Amino acid sequence: MVYVELLKEKESELTQYEIKELQEEVRRLAREKNAVILSHYYQRPEVQDIADFVGDSLELSRKAAQTNADIIVFCGVRFMCETAKIVNPTKKVLHPNPESGCPMADMITAKDVLRLKEEHPDGEVVAYVNTNADVKAVSDLCVTSANAVKIVQKLDSRKVIFIPDQALGNWVKKHVPDKEFIIWQGFCPPHFEFTAKEVQKLKELYPDAKLAVHPECHPRVIELADFVGSTSQIINYATTCDAKRVIVITEVGLKHTLMKKNPEKEYIFPESMNYCGSVYCCTMKGITLPKVYQTLKEEINEVKLPEDIIEKAKRPIIRMLEMST
Ligand code: SF4
């Protein structure tokens, strides 16, 4: 036990033995406290492995809404933890690293949305779920990358104010040509800044591979793809398509799930290149195993939101959950 206490101080370079020890302790605590551990696909492998459920934003919101656990430990960025609190407000939601926000979510404020509404009173505000709670509270509807096209197609209003991701907004616009779009110019730094030139180099290195990309990528990267989809849609495509090799342009944490689902294939992520970067989200990786352990053990880092924000932000999320069934 003293040994496990010491491990919580170590943020990195845990040995395989230490990781296993800490993982067992986290699972024991979760059973003892009736806690559920939810993890996004972009989390570190050793964090994904202790989760009761690993999923994308939509799947995790559903799990959070349905759980009977007393505590939800959410291994993801801040807006995801807020969403869990909004859909299941009586639960204690714990965020292992309150510093882990999403840079794209921070690119728009509630004030910006209210101004857009004033400028376009005939438009509906469609907010990517990657937004902060106060922004959701002034939005009409939420979407995820998995359901955005389908949901926007179902909307009655002809004008869509899409926030905050320009890449996803343009992707939806392309698939819903009968509507007018006002698109906020936010972006996901890890996805959007990975260039088409870098993707071309990967294609040349692996000419037999298929290319799967996330819709948060730059439109010029999207143009090169064989498949465009959310993380869960990419998992399905990459593990079942007929190619033996798949180049995947999304956050590198997804590789862990792909290898588990179908280890027969080769998944090429930009991390394997010896030049220029990778698609790596630093804030997602701000959640470490020692932090999860400490947060659950001491029941710290509880997500708190004002009641009126919970009430208002719930409407666009519930509307999304209903429209995406
Ligand atoms: S991958 Fe992009 S959208 Fe997701 S949390 Fe990181 S910065 Fe935000």
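For ligands, and for the atoms within them, numbers begin at 1 and follow the listed sequence. What you see is a predicted model; the values in this text were computed from it and never measured.
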Practice problem: Check ligand 1 against Asn130 and write out every atom of the ligand that is under 4.0 Å from a heavy-atom position of the residue. | Solution: 3 (S)
Exercise. Following the transitive rule for hydrophobic clusters with a side-chain heavy-atom cut-off under 4.5 Å over Ile, Leu, Val, Met, Phe, Trp and Tyr, establish whether Leu321 and Tyr128 coincide in one cluster.
Key: yes
Quiz item: Judged by non-hydrogen atoms, does Met104 sit under 4.0 Å from ligand 1?
Solution: yes
Quiz prompt | Donor-acceptor side-chain pairing of Tyr267 and Thr239 below 3.5 angstrom | solution = no
Practice problem: Could you tell me whether Arg27 and Asp52 have a side-chain N and a carboxylate O separated by less than 4.0 Å? | Solution: yes
Hey, can you pull the donor-acceptor pairs under 3.5 Å for the side chains in residues 161-170, sequence neighbours left out?
from   : atom 1 : to     : atom 2 : distance (Å)
Asp165 : OD1    : Ala167 : N      : 3.2
Asp165 : OD2    : Leu168 : N      : 3.3
Gln166 : NE2    : Gln185 : O      : 3.2
Asn170 : ND2    : Gln166 : O      : 3.0

Practice problem: Considering the heavy atoms of Pro103, write down every atom of ligand 1 situated less than 4.0 Å from one of them. | Solution: 7 (S)
Quiz item: For ligand 1, which atoms sit closer than 4.0 Å to a heavy atom of Cys281?
Solution: 1 (S), 5 (S), 6 (Fe), 7 (S)
Quiz item: Using a heavy-atom cut-off of under 4.0 Å, does the side chain or the backbone of Glu251 touch ligand 1, or both, or neither?
Solution: neither
Practice problem: Looking only at protein heavy atoms, identify the closest one to atom 8 (Fe) of ligand 1 and say how far it is in Å. | Solution: Cys102 SG, 2.3 Å
Exercise. Return yes when atom NZ of Lys20 has more than 12 non-hydrogen atoms of other residues, nucleotides or ligands closer than 6.0 Å, and no otherwise.
Key: no
Exercise. Could you list the atoms of ligand 1 found under 4.0 angstrom from a heavy atom of Val77?
Key: 5 (S)
Quiz item: To the nearest 0.1 Å, how far is atom 2 (Fe) of ligand 1 from its closest protein heavy atom, and which atom is that?
Solution: Cys188 SG, 2.3 Å
Exercise. Tell me, please, whether Phe53 has Lys63 positioned over its six-membered ring: NZ or CZ under 6.0 Å from the ring centre and within 45 degrees of its axis?
Key: yes
